[in-house]
Amino acid sequence: MEKNRLHSFAEELHELKKQGNCRELPWITQQGNTIRKGEQTSYNLSSNDYLDLARDTALREEFLQSLDKDNAFFSASSSRLLTGNHMLYTALETQLSMMFGTENALVFNSGYHMNMGILPAICHSGTLILADKWVHASLIDGIRLSKAPHFRYRHGDHAHLEELLARYASRFERIIIVTESIFSMDGDCTDLGYLVSLKHRYANVLLYVDEAHAVGVRGVKGLGCAEEQDCIAEIDFLTGTFGKALASLGGYLVCRQVIRDYLVNKMRTLLFTTALPPVNLMWSLFVLKRLDGFTERRQQLHKNSELLKQQILAKGYDCHSESHILPLIIGDSKTAVLKAEDLQRKGFYVLPIRPPTVPEGTSRIRISLTAGIKTSLIHQLAASL
Ligand SMILES: *Cc1c(COP(=O)(O)O)cnc(C)c1O
């Protein structure tokens with residue numbers, strides 16, 4: 001009886017296994033730069049700790065020393081709307097708006113909460129969403145939940161976006177263009193300056209840019225691609241995560257005051273969840289205050305990425321990355337899995353990325369570099385490809 005009720009789940013899993021697309025949570029231990037899996041130890045090339053801040057023991061020690069134990073709480077015990085809105089939120093949001101030069105900022109429990117919540121809060125029946133075809137799952141969920149009409153323009157295809165705008169701009173009260181600055185799976189970058197110029201051609205267009213992979217890493221002060229391309233003030237919803245280069249947890253939006261006030265009234269994933277623990281806010285603030293001082297790490301990361309990209313191209317792979325995320329496009333899922341296992345045996349912890357995360361037929365190995373990797377190791381990796 002029970003067997004029959006659950007049978008279709010098992011069948012579907014079996015089907016996924018046959019295609020080489022079945023996922024499992026890995027049994028691993030992180031130790032500094034390395035991943036231990038069974039008897040194997042390999043260099044971690046799948047981490048989002050791009051500046052090596054999360055594994056920086058000296059930085060952590062400095063933070064722990066600065067911590068006032070009497071105020072170190074590990075739970076907020078309530079949502080921000082009730083009693084969870086610790087003064088540290090104000091400190092963190094003030095720090096963000098000061099650094100970005102915006103009117104205000106808003107911090108969320110994670111990038112996922114942020115992207116899943118903003119669009120449903122701000123869209124109404126007169127809103128049209130135009131999103132890059134390859135935006136992150138959290139943005140896709142936000143689009144779905146918003147119930148707003150939407151189109152996904154071909155990845156990075158300006159002509160397609162312009163065509164959609166020309167056709168629909170006058171038929172909607174408001175249009176929101178949604179993109180990332182550095183794309184998670186290809187590591188390519190968006191021309192934000194172009195999107196800003198496009199926005200200025202219409203009176204009813206707003207820009208929403210997710211800098212999850214760029215904050216900390218790009219720009220002289222580490223504020224992301226919008227800083228690098230000098231257009232922070234032109235982006236209506238400029239967002240990022242604390243979970244990657246910033247070595248913490250949480251999402252942030254820097255924006256105009258009116259947008260913040262509106263979200264505080266309307267955004268369900270901000271309101272109906274327990275606020276971040278005060279110790280987490282303290283750590284985020286601690287890292288953020290030091291962000292502009294990590295210039296050397298940013299430069300090193302950039303050098304490492306240039307070097308590996310050259311090597312990947314020299315091996316005959318196609319690679320359009322413009323960042324520290326470097327895909328090795330394999331095609332078939334099973335081949336990608338075997339290739340990843342081979343590289344792991346050779347000492348490099350890389351993972352296969354398969355559909356539905358990436359389009360069918362473009363399964364890949366995703367290499368995610370960090371600032372601290374030694375040049376000799378990059379050469380060794382290239383020789384193993
Ligand atoms: C990682 C990521 C997120 C999610 O952020 P979390 O803080 O990890 O929930 C959102 N958008 C993009 C583009 C990401 O890569």
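All ligand and atom numbering here is 1-based and tracks the order in the structure. Just so it is clear, the model here is predicted, and its values are computed rather than measured.
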According to the interplanar angle, ranging from 0 to 90°, do the rings of Trp134 and His155 count as parallel (below 30°), tilted (30 to 60°) or perpendicular (above 60°)?
-> parallel

Would you mind running through ligand 1 and noting each atom that sits below 4.0 Å from a heavy atom of Glu180?
-> 13 (C)

Applying a 4.0 Å heavy-atom criterion (strictly less than), which segment of His113 is in contact with ligand 1: side chain, backbone, both, or neither?
-> neither

Would you please classify the geometry between the Tyr194 ring and the His158 ring as parallel, tilted or perpendicular, with 30° and 60° separating the classes?
-> parallel

What residue and heavy atom of the protein are closest to atom 11 (N) of ligand 1, and at what distance?
-> Asp210 OD2, 2.7 Å

Arg290 to Phe294 six-membered ring, cation-pi geometry met (6.0 Å, 45°) = no

Is it true that Asp49 and Arg55 have a side-chain N and a carboxylate O under 4.0 angstrom from each other?
-> yes

Atoms in ligand 1 flagged as close to Asn115, the criterion being non-hydrogen separation under 4.0 Å | 10 (C), 11 (N)

Within less than 4.0 angstrom of ligand 1, does Lys244 place any heavy atom?
-> yes

Which of the atoms of ligand 1 are close to Thr241, meaning less than 4.0 Å from one of its heavy atoms?
-> 5 (O), 6 (P), 7 (O)

In the protein, what heavy atom is nearest to atom 9 (O) of ligand 1, and what distance, to one decimal place, separates them?
-> Tyr112 N, 2.9 Å

Go through the steps to decide whether Lys346 and Gln380 satisfy the test side-chain contact (heavy atoms from CB on, under 4.5 Å), and finish with yes or no.
-> CA-CA 10 Å; Lys346 288 174 174 160; Gln380 206 180 313; over 6 Å; no

Pair Phe348-Leu377, side-chain contact (heavy atoms from CB on, under 4.5 Å): steps then yes or no | CA-CA 9 Å; Phe348 302 102; Leu377 208 58; 4.0 Å; yes

Measure the spacing between OG of Ser368 and OH of Tyr349 and express it to the nearest 0.5 Å.
-> 12.5 Å

What are the atoms of ligand 1, with element, lying closer than 4.0 Å to any heavy atom of Ala212?
-> 2 (C), 11 (N), 12 (C), 13 (C), 14 (C), 15 (O)

Side-chain (Asp132) to main-chain (Tyr153) donor-acceptor, under 3.5 angstrom | no

Atoms of ligand 1, numbered as shown, that sit under 4.0 Å from any heavy atom of Ser138 = 10 (C), 11 (N)

Side chain or backbone of Ser110 under 4.0 Å from ligand 1, or both, or neither, by non-hydrogen atoms?
-> both

Report yes or no: does Gly111 have a heavy atom closer than 4.0 Å to ligand 1?
-> yes

